[in-house]
Amino acid sequence: MKSDIRKIAISVITCLSLTAGAAYAHNNDHDNRGDKDRKDYRKDYRKDRHDNHKRHPDKARGRFVEVQLLGINDYHGHVKTDAVGFGETRGGGEYLSAKLNELRAGHEHSLTVAAGDLIGGTPAFSGLFHDEPSVESLNAMKLDVSSVGNHEFDEGVIELLRMQKGGCHPVDGCYFPEQPYAGADFKWLAANVVSEYNNETPLPPYWIKKIEGVKIGFIGMTLEATDTLVAAAGIQGWDFRDEAETANNLVPILKRKGVQAIVVLLHEGGSQTPPPGEIDACVGISGPIVAINDALDPEIDVMITGHTHLPYNCRLPDAAGNERIVTSAYSYGRVVTEVNLVLDRRTRDVRRDLSTSTNHAVVRDELAADPAVTAVIDKWQPKYDAFANEPVGTITEDINRGGEPSGSDRGVESAAGNLVADAQLWATTELGAEIAFMNPGGVRTDLSYAQSETEGDGVVTFGEAFSFQPFNNTLFTFPMSGAQIISVLEEQCQPAGSSRPFLHLGVSEGFSYDLQTTIVDGTCTSITISNVQLNGVALDPTATYMVTANNFLADGGDNFGTFATVTATRLDGGIDLDALTSYLEANSPVAAPSIDRVNEL
């Protein structure tokens, strides 16, 4: 199965970009409106708007202005439906766009907004081409504005700026020389990403839209912990600051510009209890978003959020006790959040008591694919086919991520994570590796036994392997003491306030341990690691072992800080995707690794 095309493809995707250097005064406008005001609204807006439109079609119409916000998050380049996974009948770019068009119908004022992770961690159809297809599909959807998310920084700040402004890739060049990449039509916002050198943000912190004389301000942010979630090389020189403090500091600036209605687009989120919950519900909401909501200035009216890949539609009390809309729209285009804001011309503010929010499922059978996104697919499909359809190996059964549905729980041992660890150990044995670890968030899809197109059941193509593990990380092999290895295992219990309480590392064959944890209200409060063995022999805390991990983990990503304390020389083990495809090629057919390497007590 060796192929020059695959080697060229792996080489193409290895390039990473270089790094780049008020007091609450709403006067109760937000809340406590009685029946009289509700009747005023119906009378003044619905009737007066209609009558005034007939008399003065070009002038302001009535006291109230309705603005529809359509929100998405965590699209992750799912332009095509075959990448959504989970046996899903929802989502994918063509149908997401169709749903947006359907919801816009009949609304005079509609804005489409997003809460980050539009690119990065993407299937091969977009990721092979540095996510240019993803951005072009979002342009076709008429997206207006988005916050950045942690995955916008996967290839570094310089590459993010190219994604915004356009231009050919600095190494791979133009995929269509006659039609160079034009950039995003929408605006990315990065309010809490600040240069260590000049205190500037790489992208605007906010965006103001004026509708019928009333201004709406949008603040866009990623989560403060972004620097623990992406490779350090791409973000050197940039600080990721506290979300609530950043937004609160911008409130008086926006107010000086005449903005009273403020929406936060935030790539941080929460979870219903138990997850995922109904898409249009808010049952037992927990996670970082709750504390952020509590800390935000009451002047902020709405939060559209993401990151956890979970749906919710909440009204949470702000610091002044008034209800604030807080939503998340799942992931991969499976849900659209609709927020119907009612703006009061007299106060230029949001009437929260009259504003509504709804999460809508994007059900493919109920929609016709949007031809505008289909055209993007048709443009890129031939280039994708040249790389993606080559077989790299075979499997005997599904190899899935954790949770039910698959991929929904990064806190449990998974066959997919263990497979990657096995492949990485195999690829670095010549460097002396004895143990390999894999972070669960680095595995983005399942490997399905059933054919996805015409390759045949059990055949894994290069495109499927790329979608399974798309980050193009470098493998490093380095010495660690047994005590340091145990410390890494303890760090699976994530710090309080993390988006996920526990991140279960994939471990290579021959490594085992007993695990006991306590998780209370979405927080990991204790962890006990015992009976750690390598090939049946107890791990010696004072002995030295050679460990393989990708550069993300080796740099301390996902709060695995012990890795970053290792000062010994790192041996370069090559690209992780190359390790996976070579392992599949050499060991096919491959069965799903067992998920009993960790004994959970």
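- Taking the side chain as every heavy atom from C-beta outward, L100 and K142 never approach each other to under 4.5 Å.
- Ring-centre distance between F125 and F466: not below the 6.0 Å cut-off.
- Counting all heavy atoms, side chain and backbone alike, N73 lies closest to G306 at ND2-CA, 3.7 Å.
- In this structure, the side chains of H130 and Y181 stay at 4.5 Å or more apart for every pair of heavy atoms.
- A salt bridge links E136 with K379: at least one charged nitrogen is closer than 4.0 Å to a carboxylate oxygen.
- Counting heavy atoms from C-beta outward, F218 and V259 have side chains that stay 4.5 Å or more apart.
- Between the side chain of E108 and the main chain of V67, no donor-acceptor pair closer than 3.5 Å is present.
- Note that CD1 of I289 is 8.0 Å distant from CD of E243, once rounded to the nearest 0.5 Å.
- For the residue pair A319 and P298, the shortest heavy atom distance occurs at CB-CG, 4.0 Å.
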message: Before you tell me yes or no, could you show the steps for R500 and T308 under side chain to side chain donor-acceptor pair (under 3.5 Å), namely the whole-Å CA-CA distance, both residues' side-chain angles and the distance that decides it to 0.1 Å?
response: CA-CA 8 Å; R500 296 174 176 89; T308 55; over 6 Å; no
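- Residue G333 comes nearest to L96 through the heavy atom pair CA-CD2, 3.8 Å, listed as atom of the first residue, atom of the second, then distance.
- In summary, the aromatic rings of H76 and H309 are positioned with their centroids under 6.0 Å apart.
- In terms of modelled atom types and a separation under 3.5 Å, the side chain of D280 and the main chain of N359 share a donor-acceptor contact.
- One N or O on the side chain of N139 and one on the backbone of G183 form a donor-acceptor pair closer than 3.5 Å.
- At distances below 3.5 Å, not a single donor-acceptor pair connects side-chain atoms of T327 with backbone N or O atoms of T337.
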Salt bridge (Lys or Arg N to Asp or Glu O under 4.0 Å) assessment of R364 paired with E94: CA-CA 9 Å; R364 294 177 205 150; E94 293 170 290; over 6 Å; no
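- Using modelled atom types and a 3.5 Å distance limit, the side chains of T112 and R104 yield a donor-acceptor pair.
- With Q272 contributing its side chain and P311 its backbone, the two residues share a donor-acceptor pair below 3.5 Å.
- Annotation: side chain of P202 is not in contact with side chain of L160 (no heavy-atom distance under 4.5 Å).
- Proximity of T273 to V283: side-chain heavy atoms (C-beta onward) are nowhere separated by under 4.5 Å.
- In plain terms, the two heavy atoms of F186 and V145 that are nearest each other are CB-N, 4.0 Å.
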From CA spacing to verdict: side chain to side chain donor-acceptor pair (under 3.5 Å), D117, H307: CA-CA 7 Å; D117 274 13; H307 185 56; 4.7 Å; no
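- Counting all heavy atoms, side chain and backbone alike, Y175 lies closest to L128 at OH-O, 3.7 Å.
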query: Passes side chain to side chain donor-acceptor pair (under 3.5 Å), S271 versus Y312? Steps please.
result: CA-CA 7 Å; S271 170; Y312 43 86; over 6 Å; no
- request: Decide yes or no on side chain to side chain donor-acceptor pair (under 3.5 Å) for D74 and S331, but give the supporting numbers first.
  value: CA-CA 5 Å; D74 296 279; S331 58; over 6 Å; no
message: Could you walk me through whether E155 and R162 satisfy the salt bridge (Lys or Arg N to Asp or Glu O under 4.0 Å) test, starting with their C-alpha distance in whole Å, then the side-chain angles of each, then the deciding distance to 0.1 Å, before giving a yes or no?
response: CA-CA 11 Å; E155 293 194 47; R162 185 183 78 88; over 6 Å; no
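- Closest heavy-atom contact between S146 and G116: OG-N, 3.5 Å.
- Put simply, the side chain of R324 gets close to the backbone of I300: a donor and an acceptor are under 3.5 Å apart.
- In terms of modelled atom types and a separation under 3.5 Å, the side chain of N192 and the main chain of R241 share a donor-acceptor contact.
- Between the side chain of R352 and the main chain of L341, no donor-acceptor pair closer than 3.5 Å is present.
- For the 3.5 Å distance criterion, the side chains of N249 and E245 fail to qualify, holding no donor opposite an acceptor.
- In the model, T222 has no side-chain atom that pairs as donor or acceptor with a side-chain atom of N150 under 3.5 Å.
- Under the ring pair (Phe, Tyr, Trp, His ring centres under 6.0 Å) rule, F153 has a single partner from F552, F240, W238, F471, which is F240.
- Remark: the backbone N or O of I262 is paired with a side-chain donor or acceptor of D301 at under 3.5 angstrom.
- The shortest distance between side-chain heavy atoms of V362 and V336 falls below 4.5 Å.
- Checked by atom type, the side-chain pair E200/S195 shows no donor-acceptor distance below 3.5 Å.
- For the 3.5 Å distance criterion, the side chains of Q68 and H109 fail to qualify, holding no donor opposite an acceptor.
- Judged purely by distance below 3.5 Å, without hydrogens or angles, the side chains of Y75 and S137 pair a donor atom with an acceptor atom.
- The aromatic ring centres of F176 and W380 sit less than 6.0 Å apart.
- The backbone N or O of D349 sits nowhere less than 3.5 Å from a side-chain atom of D344 that would complete a donor-acceptor pair.
- A ring-centre distance under 6.0 Å is not found for Y95 and H78.
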